[in-house]
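Predicted model only: the values in this text are computed from it and were never measured. We count ligands from 1, going down the list as the structure has it; atoms in each ligand are counted the same way.
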Amino acid sequence: MKTALDLSEAIAVVHRDMQAHLGQGRVADYIPALARVDPRRFGIAAATCDGQLVCAGDGAEPFSVQSISKVFTLTLALEKLGADLWRRVGREPSGSRFNSMVRLEQEHGVPRNPLINAGALVVTDALLDRGDTGTTIEGIADFLRLRSEDPSVDIDQEVARSEGDTGFLNASLANFLKASNNLHSDVADVLKVYFNQCALRMSCSQLARAGLYLTADGLDPWTGERVTTAVRARRINAIMMTCGHYDASGEFAFRVGLPGKSGVGGGILAIAPHRAAVAVWSPGLNAAGTSHVGSMALERLAQLMDWSVF
Ligand code: GLN
């Protein structure tokens with residue numbers, strides 16, 4: 001019978017094996033404040049259901065979580081609206097880039113899923129609900145502070161501003177959604193909240209800790225708090241599996257076999273149900289905007305630990 005390695009040993013092996021690949025991939029430069037990050041950085045952390053937190057490399061270094069935030073806003077929106085959210089956003093893989101305009105037009109303003117940018121803008125609008133942008137942004141940040149048990153989690157104002165200055169495609173998507181009657185709040189307000197949620201700075205350790213409720217049927221296994229229902233947690237995992245890496249979601253499922261969500265800051269959060277939440281960070285991206293070394297690291301870890309949902 002196959003015996004899986006001890007988690008600390010496996011993380012040490014992955015950290016060692018990735019050294020030869022550091023610097024591969026392309027750092028996102030369409031958000032100028034992200035372009036300056038050193039492509040050779042690599043961090044990894046795993047938080048387990050039974051209380052361990054194992055971290056290696058730059059795993060304690062905060063980075064821009066970018067689209068990983070979409071998993072957490074989806075959780076909050078489902079708590080707020082329940083199944084009504086699905087009137088405004090679908091749950092099918094898009095097979096196109098994360099910021100595709102063509103796809104949104106084809107779908108008549110109902111985004112394919114909540115993890116592409118158009119869908120995430122609708123989710124953000126559901127949280128904002130014509131309310132105050134500052135309160136909504138703080139609400140999202142507070143959720144992450146609570147889930148990571150770390151009040152120091154914060155938003156990088158420079159990244160948020162940089163994205164605001166250059167986010168013309170996101171503005172196009174938001175305007176199209178507004179024209180399709182699928183945004184309730186002002187376009188500028190939705191974009192402000194969205195750019196701020198993407199600019200949250202968290203380390204791999206904080207992200208892995210925060211994602212634990214998705215490993216344990218919606219219950220935080222360390223505190224016993226119910227974060228979301230078991231059904232919602234499973235469905236969020238299903239959406240991460242099918243849509244978490246946009247047009248490369250099939251490849252990630254094939255290679256890693258775990259639900260995951262990437263961000264153009266180079267982070268990926270992956271969920272091994274009933275075992276662990278794992279976060280990796282390495283800024284060089286592949287063509288789909290997923291961390292190149294990060295996805296290799298997750299593939300290796302899943303293999304060493306014999307973790308797969310299949
Ligand atoms: N803030 C980025 C954007 O909207 C997030 C994209 C991503 O991480 N895939 O373009």
Inset, instruction - Report yes if S262 has an N/O atom closer than 3.5 Å to an N/O atom of ligand 1; otherwise report no. - result: no
Legend entry - Part of V264 within contact of ligand 1 (heavy atoms, under 4.0 Å): both
Inset, instruction - Starting from atom 1 (N) of ligand 1, find the nearest protein heavy-atom neighbour and note its residue, name and distance. - result: E163 OE2, 2.4 Å
Legend entry - atom 6 (C) of ligand 1 [closest protein heavy-atom partner, distance rounded to 0.1 Å]: S67 OG, 3.0 Å
Inset, instruction - Pull out every atom of ligand 1 sitting under 4.0 Å from any heavy atom of C198, numbered as shown with elements. - result: 1 (N)
Inset, instruction - Answer with yes or no whether the hydrophobic clustering places L269 together with V65; edges join I, L, V, M, F, W, Y residues whose side-chain heavy atoms lie under 4.5 Å apart. - result: yes
Legend entry - Per-atom contacts, ligand 1 versus G263 - under 4.0 Å to a heavy atom: 8 (O)
Legend entry - Stacked cation flag R91 on W86, 6.0 angstrom / 45 deg: yes
Legend entry - For Y246, atoms of ligand 1 separated by under 4.0 Å from a heavy atom: 7 (C), 9 (N)
Inset, instruction - Examine the proximity of ligand 1 to I68 and report which part, side chain or backbone, both or neither, has a heavy atom under 4.0 Å away. - result: neither
Legend entry - Heavy atoms from other residues, nucleotides or ligands near CZ of R103 exceed 12 (cutoff 6.0 Å): yes
Legend entry - Residue N170 vicinity, atoms of ligand 1 by number, heavy atom under 4.0 Å: 3 (C), 4 (O), 10 (O)
Inset, instruction - Please step through salt bridge (Lys or Arg N to Asp or Glu O under 4.0 Å) for the pair D38 and R41, ending with a clear verdict. - result: CA-CA 6 Å; D38 176 1; R41 305 303 292 273; 5.1 Å; no
Inset, instruction - Determine, using heavy atoms of F195 and all atoms of ligand 1, whether some pair is separated by less than 4.0 Å. - result: no
Inset, instruction - Could you tell me which atoms of ligand 1, counted from 1 in the order shown, lie closer than 4.0 angstrom to a heavy atom of Q66? - result: 1 (N), 2 (C), 5 (C), 8 (O)
Inset, instruction - Please indicate whether any nitrogen or oxygen in K70 is less than 3.5 Å from any nitrogen or oxygen in ligand 1. - result: no
Legend entry - Residues, nucleotides or ligands: over 12 heavy atoms within 6.0 Å of E149 CD: yes
Legend entry - Heavy atoms from other residues, nucleotides or ligands near CZ of R226 exceed 12 (cutoff 6.0 Å): yes
Inset, instruction - Could you tell me whether R130 and D186 make a salt bridge, using a distance below 4.0 angstrom between a side-chain N and a carboxylate O? - result: no
Inset, instruction - Around atom 10 (O) of ligand 1, find the nearest protein heavy atom and jot down its residue, atom name and distance. - result: Y30 OH, 2.6 Å
Legend entry - Geometric class of the F42/H15 ring pair [parallel <30°, tilted 30-60°, perpendicular >60°]: parallel
Legend entry - Residue, atom name and distance, where the atom is the protein heavy atom closest to atom 4 (O) of ligand 1: Y194 OH, 2.7 Å
Inset, instruction - Could you tell me whether D217 and R234 have a side-chain N and a carboxylate O separated by less than 4.0 Å? - result: yes
Legend entry - contact_flag N117 ligand 1 heavy-atom lt 4.0 Å: yes
Inset, instruction - Answer yes when R112 and E107 have at least one side-chain N-carboxylate O distance shorter than 4.0 Å, and no when they do not. - result: yes
